[in-house]
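In listed order, ligands and their atoms are each counted from 1. All heavy atoms count here, side chains included; hydrogens, waters and symmetry mates do not.
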Amino acid sequence: MRVLLLGGAGYIGTHVALDFIERGDSVGIYDNLSSGFMKNILPESTFYQGDILDAARLGEVLSIGWDAVVHLAAFKAAGESMTNPEKYSINNITGSLNIIIGCIKHNIKNFVLSSSAAVYGEPAYIPIDEKHPTNPENYYGYTKLAIERHLEWYSNLKGLNYASLRYFNAAGYDSNGRMTGIERDPANLIPVVMEAALGKRKLLKIFGNDYDTRDGTGVRDYIHVSDLADGHVKAVDYIVSKNKNLTVNLGSEHGLSVLEILNESRKVSGREIPAEITARRPGDPAGLIASSSKAKKLLGWKPKYSSIETIISTTWAVYKQ
Ligand code: UDP
């Protein structure tokens with residue numbers, strides 16, 4: 001198959017590229033390198049530098065001919081989306097529409113979207129399945145939901161097949177050490193813990209220890225990026241072979257607290273990792289845990305790398321370099 005990965009030089013995209021390449025697909029990577037890693041672009045793939053806001057350049061690359069596109073080119077900082085929504089409107093919504101419209105124009109029939117559990121908002125029940133109401137709590141989550149809805153319309157009106165993959169908390173690195181790009185100026189828990197372990201930041205601020213969880217700190221469903229990558233390959237195969245759409249959660253189905261992540265990171269790194277309890281971060285729910293039974297049933301997908309040990313050890317292996 002010929003697969004174009006938009007945003008394929010980023011943290012998740014590079015791992016997705018690896019999986020498609022490993023099974024012998026022909027992979028193109030379209031990326032503006034705003035946060036992507038040139039060093040992780042595998043020589044087996046073809047790299048096209050470009051921005052999804054540059055419709056002319058995008059059209060040129062889409063016109064090459066692809067069986068499927070995977071769209072991973074989005075901004076993802078929930079907090080920033082609340083203070084600078086314009087940035088998210090332009091890149092996440094306008095950029096995605098450019099891709100969808102480009103696919104229609106160039107007769108590309110299959111579209112996989114990197115969506116997010118942020119479409120659900122404050123959980124009404126746990127584990128969260130795909131029938132859970134969608135009420136995003138931040139503008140980032142809204143942009144993902146809006147793109148999902150555009151895909152539904154274009155599927156009905158123009159026959160585009162799509163898969164919306166609602167990721168829970170992506171974490172970890174390739175266990176063979178092939179991907180080593182680290183995020184600049186991260187806000188997510190695990191990269192922040194790693195930077196505190198290295199002394200790149202003074203300490204980890206634990207955002208609240210008075211939640212109704214087993215140790216009082218926030219609980220999230222961390223899913224290893226190599227498991228996410230496998231979900232993309234299976235989703236492409238599903239929509240191509242069945243000529244059907246798909247909306248599924250990709251999560252590990254078990255929760256880890258901030259303290260559990262911190263303690264495991266201390267153990268694996270052998271570093272002290274200073275931490276202090278601070279106020280809750282606005283908008284943070286106590287716990288988020290996925291039900292992934294739909295992905296398991298429809299795709300035969302099953303997480304293999306999402307234990308706390310593998311997530312932290314593969315991440316530390318990259319950061320300690
Ligand atoms: N968190 C924290 N300190 C940080 C970053 C995150 O205590 O510096 C907590 C946060 O409150 C949440 C969990 O870690 O309970 C995961 O946060 P992250 O930003 O990684 O992902 P989110 O689930 O918010 O998208």
Does the residue Phe168 have a heavy-atom contact with ligand 1, meaning some pair of atoms that are separated by less than 4.0 Å? no

More than 12 heavy atoms of other residues, nucleotides or ligands under 6.0 Å from OH of Tyr305: yes or no? no

Criterion side-chain hydrogen bond (donor to acceptor under 3.5 Å, both in side chains) on Tyr30 and Arg57, from CA distance to verdict: CA-CA 10 Å; Tyr30 186 89; Arg57 172 69 177 144; 5.0 Å; no

Does the structure place the NZ or CZ of Arg280 under 6.0 Å from the centre of the six-membered ring of Tyr211, at an angle of no more than 45° from the ring's axis? yes

Per-residue contact class, Ala78 against ligand 1 - non-hydrogen pairs under 4.0 Å: neither

Can you tell me if Glu130 and Thr247 form a side-chain donor-acceptor pair at under 3.5 Å? no

Which of the numbered atoms in ligand 1 are below 4.0 angstrom from a heavy atom of Tyr222? 13 (C), 16 (C)

Can you list the atoms of ligand 1 that are under 4.0 Å from a heavy atom of Val258? 7 (O), 9 (C), 14 (O), 15 (O)

Is there any N or O on Phe207 that sits under 3.5 Å from an N or O of ligand 1? yes

For atom 23 (O) of ligand 1, what's the nearest protein heavy-atom neighbour? Residue, atom name and distance, please. Arg220 NE, 2.7 Å

How does Tyr140 reach ligand 1, if at all, at less than 4.0 Å between non-hydrogen atoms: by side chain, backbone, both, or neither? neither

Provide, to 0.1 Å, the distance between atom 20 (O) of ligand 1 and the closest protein heavy atom, together with that atom's residue and name. Leu189 N, 2.8 Å

Return a yes/no value for Leu288: is any of its N or O atoms, backbone included, closer than 3.5 angstrom to an N or O of ligand 1? no

Any ion pair linking Lys76 and Glu183 (charged N to carboxylate O, less than 4.0 Å)? yes

Can you list every pair that meets side chain to side chain donor-acceptor pair (under 3.5 Å) and has a residue in residues 7-26, with sequence neighbours left out? Glu22-Arg178, Arg23-Asp25, Arg23-Asp237

Please list, in number order, the atoms of ligand 1 under 4.0 Å from a heavy atom of Gly218. 15 (O)

Indicate yes or no: does Lys87 engage Glu80 in a salt bridge with an N to O separation below 4.0 Å. yes

Under a 4.0 Å heavy-atom limit, does Asp284 contact ligand 1 with its side chain, its backbone, both, or neither? side chain

Which atom names give the shortest non-hydrogen contact between Ile147 and Asn92, and what distance separates them? CD1-O, 3.3 Å

Enumerated ligand 1 atoms positioned under 4.0 Å from heavy atoms of Ile206: 7 (O)

Does a side-chain N-to-carboxylate-O contact under 4.0 Å join Asp230 and Lys234? yes

Atoms of ligand 1 under 4.0 Å from any heavy atom of Ala187, numbered from 1 in the order shown, are 5 (C), 19 (O)

Between His224 and Thr310, do the side chains contain a donor N or O and an acceptor N or O under 3.5 Å apart? no

Starting from atom 25 (O) of ligand 1, locate the nearest protein heavy atom and write down its residue, its atom name and how far away it is, to 0.1 Å. Asn169 ND2, 4.0 Å

No-hydrogen, no-angle side-chain donor-acceptor test under 3.5 Å, Ser257 and Asp215: yes

Can you confirm whether more than 12 heavy atoms, excluding those of Lys302, are under 6.0 Å from its NZ atom? no

Please work out whether any backbone atom (N, CA, C, O) or any side-chain heavy atom from C-beta onward of Arg280 is under 4.0 Å from ligand 1, and answer side chain, backbone, both or neither. neither

Flag Arg281 as yes when one of its N or O atoms lies below 3.5 Å from any N or O atom of ligand 1, and as no otherwise. yes

With heavy atoms of Lys205 as the reference, note each atom of ligand 1 found under 4.0 Å away. 2 (C), 3 (N), 4 (C), 7 (O), 8 (O)

At a 4.0 Å threshold, what atoms of ligand 1 neighbour a non-hydrogen atom of Asn188? 18 (P), 19 (O), 20 (O), 21 (O)

I need the contact type for Val192 against ligand 1. Using non-hydrogen atoms and a strict under-4.0 Å cut-off, is it side chain, backbone, both or neither? side chain

